[in-house]
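Numbers restart at 1 for each chain; the letters A, B, ... are given by sequence-line order, proteins then strands.
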Amino acid sequence: MRLATWNVNGIRARHAVVLEWLEARRPDVLCLQETKVEDDKFPALAYRALGYDVALCGQKSYNGVAILSRAPLCDVTRGLGDAVDDPQARFLAATAAGVRVMTAYVPNGEAVGSDKFVFKLAWLERLRAHLERHLRPGAAALLCGDFNVAPAELDVWEPRVFAGKLLFTLDERAALERVKAVGLVDVVRALHPGARLYTWWDYQAGAFGRDEGLRLDHVYVTPALAARAAAAEVDRATRAGKQPSDHAPVIVTFRDV
DNA sequence: ATGTCACATCTAATGTGA
């Protein structure tokens with residue numbers, strides 16, 4: 001299985017780019033974040049025409065996640081399924097070819113210490129609790145998406161600039177670490193220890209040209225899947241191309257899945 | 001230095017969110 005995750009920053013604004021990319025790269029599964037559209041306005045027909053099944057969890061204007069899969073999707077669940085009354089469309093899970101695929105768009109947090117920052121930390125804890133309820137030891141499962149957290153110094157272009165800043169605070173990194181600690185492996189980092197593999201660059205100030213990026217998009221997998229991980233890449237060419245999202249696709253290949 | 005996008009709204013310039 002070849003799986004990709006991509007924060008597209010608006011599926012309608014990115015439709016032509018995503019279609020062209022899908023035709024060229026043909027991943028088995030593509031998880032999308034920040035689709036920014038209600039489900040009945042998602043351009044699902046075009047993806048179905050390319051042979052992809054489509055599962056959606058969207059809303060008007062903001063957030064929104066989707067899973068596209070060449071194998072039929074089953075057991076689709078939307079949201080974290082806890083007691084919190086939360087209208088934000090940020091989590092979707094479905095099973096594709098026997099693999100439980102979960103995708104998340106973690107809140108950005110706006111500013112350190114803000115209400116949205118507090119919500120972000122609480123959301124990560126809710127995500128951890130969801131995984132604890134649903135992940136089974138030995139299962140083939142993965143959690144991918146835009147986590148809006150750079151886990152380590154290697155994942156920010158200048159650690160001194162980012163110390164204590166949004167996306168890199170110790171609180172955010174600890175909350176993400178607790179998610180991972182349910183029993184998941186950061187498979188891109190496992191395959192590329194020591195590599196600078198940014199996935200997001202600010203649209204402003206020529207950040208991409210200067211390679212001033214952050215690694216915010218991650219693929220976490222169970223040990224069963226980690227053992228089958230053969231390759232991982234960040235598709236920087238797409239970020240460099242026309243009408244880019246500010247995030248690049250991350251692609252992971254698993255053998256015998 | 002601010003530098004950019006996407007989306008919504010009293011369809012044109014502005015606010016919100018990232």
Side-chain angles (χ1 to χ4, degrees), chain A residues 5-22 30-44 46-47 56-66 86-92 103-124 127 144-151 155-158 160-162 164-169 171-173 175-176 198-218 234-250:
Chain A
T5 182
W6 190 6
N7 178 322
V8 289
N9 189 18
I11 191 65
R12 288 175 298 174
R14 212 69 57 213
H15 186 50
V17 172
V18 174
L19 271 184
E20 189 180 335
W21 187 88
L22 256 189
L30 173 60
C31 295
L32 301 172
Q33 303 85 36
E34 276 207 274
T35 53
K36 296 186 175 180
V37 71
E38 291 162 304
D39 292 350
D40 61 355
K41 296 189 176 70
F42 189 100
Y47 299 104
L56 300 171
C57 177
Q59 67 180 98
K60 192 174 180 178
S61 306
Y62 306 117
N63 310 319
V65 286
D86 179 1
Q88 298 187 27
R90 295 183 178 275
F91 185 85
L92 176 65
T103 193
Y105 173 50
V106 174
N108 169 280
E110 190 192 24
V112 177
S114 66
D115 289 351
K116 287 177 184 173
F117 185 81
V118 173
F119 178 78
K120 176 182 193 173
L121 296 179
W123 199 92
L124 282 164
L127 174 60
C144 67
D146 175 5
F147 290 80
N148 268 316
V149 180
D155 302 316
V156 302
W157 61 271
E158 177 49 88
R160 281 173 298 184
V161 168
F162 270 88
K165 297 270 173 59
L166 187 73
L167 312 175
F168 193 56
T169 65
D171 284 344
E172 291 162 279
R173 290 154 67 188
L176 182 58
Y198 305 141
T199 66
W200 172 86
W201 299 259
D202 200 314
Y203 281 123
Q204 299 186 72
F208 183 71
R210 304 178 196 197
D211 199 23
E212 294 178 351
L214 304 176
R215 191 171 72 101
L216 304 179
D217 302 86
H218 309 303
V234 177
D235 179 16
R236 295 172 60 101
T238 294
R239 179 64 179 82
K242 62 178 174 3
Q243 297 168 343
S245 166
D246 45 355
H247 294 253
V250 178

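Ion pair Asp171(A)/Lys120(A) not flagged as a salt bridge, since none of the NZ, NE, NH1 or NH2 atoms sits closer than 4.0 Å to an Asp/Glu carboxylate oxygen.
Within 6.0 Å of CG on Asp115(A) lie no more than 12 heavy atoms contributed by other residues, nucleotides or ligands. Residue Glu38(A) places its CD atom among more than 12 non-hydrogen atoms of other residues, nucleotides or ligands, all under 6.0 Å distant.
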Every protein N/O lying under 3.5 Å from an N/O of nucleotides 11-13 of chain B:
none

Can you pull every protein N or O that's under 3.5 Å from an N or O on nucleotides 15-18 of chain B?
residue : atom : partner   : partner atom : Å
dG17(B) : OP2  : Lys116(A) : NZ           : 3.4
dG17(B) : O5'  : Lys116(A) : NZ           : 3.4

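As rounded to the nearest Å, dG3(B) and dT9(B) have C1' atoms that lie 26 Å from one another. dG15(B) and dC10(B) have their C1' atoms separated by 14 Å, with the value rounded to a whole Å. The separation of dA12(B) from dA18(B), taken at their P atoms, amounts to 29 Å, rounded to a whole angstrom. Comparing dA6(B) with dT2(B), their P atoms are spaced 23 Å from each other, to the whole Å.
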For DNA chain B, just give me the dot-bracket, please: Watson-Crick or G-U, both distances below 3.5 Å, ( ) intra-strand, [ ] crossing earlier pairs, | paired with another strand, . unpaired. ...((((((...))))))
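Looking only at atom types and distance, the side chain of Trp6(A) has no donor-acceptor partner in the side chain of Asp235(A) under 3.5 Å away.
With Phe208(A) as the partner, the ring pair (Phe, Tyr, Trp, His ring centres under 6.0 Å) test is satisfied by one option alone out of Trp157(A), Tyr198(A), Trp201(A): Trp201(A).
Between the CD1 atom of Ile11(A) and the CZ atom of Phe42(A) there is a distance of 4.5 Å, given to the nearest 0.5 Å. If you take SG on Cys144(A) and CG on Leu32(A), they are separated by 9.5 Å, rounding to the nearest 0.5 Å. Separating the CG atom in Asn63(A) from the OG1 atom in Thr35(A) is a distance of 8.5 Å, to the nearest 0.5 Å.
Nearest-nucleotide mapping onto DNA chain B: of Val8(A) and Arg210(A), the residue sitting toward the 5' end is Arg210(A).
When heavy atoms are screened at a 4.0 angstrom cut-off, Ala205(A) is found touching base atoms of the nucleic acid.
Shown here for Gly164(A) and Thr169(A), the closest heavy-atom pair between the two residues is O-CG2, 3.5 Å.
For the pair Arg239(A) (side chain) and Asp246(A) (backbone), a donor-acceptor distance under 3.5 Å is present.
Aromatic ring pairs are classed by plane angle as parallel below 30°, tilted from 30° to 60° and perpendicular above 60°; the pair His247(A) and Trp200(A) is tilted.
Atom P of nucleotide dC5(B) and atom NZ of Lys242(A) are separated by 15 Å, given to the nearest angstrom.
The side chain of Arg12(A) places no N or O atom within less than 4.0 Å of a non-bridging phosphate oxygen (OP1 or OP2) of dA6(B).
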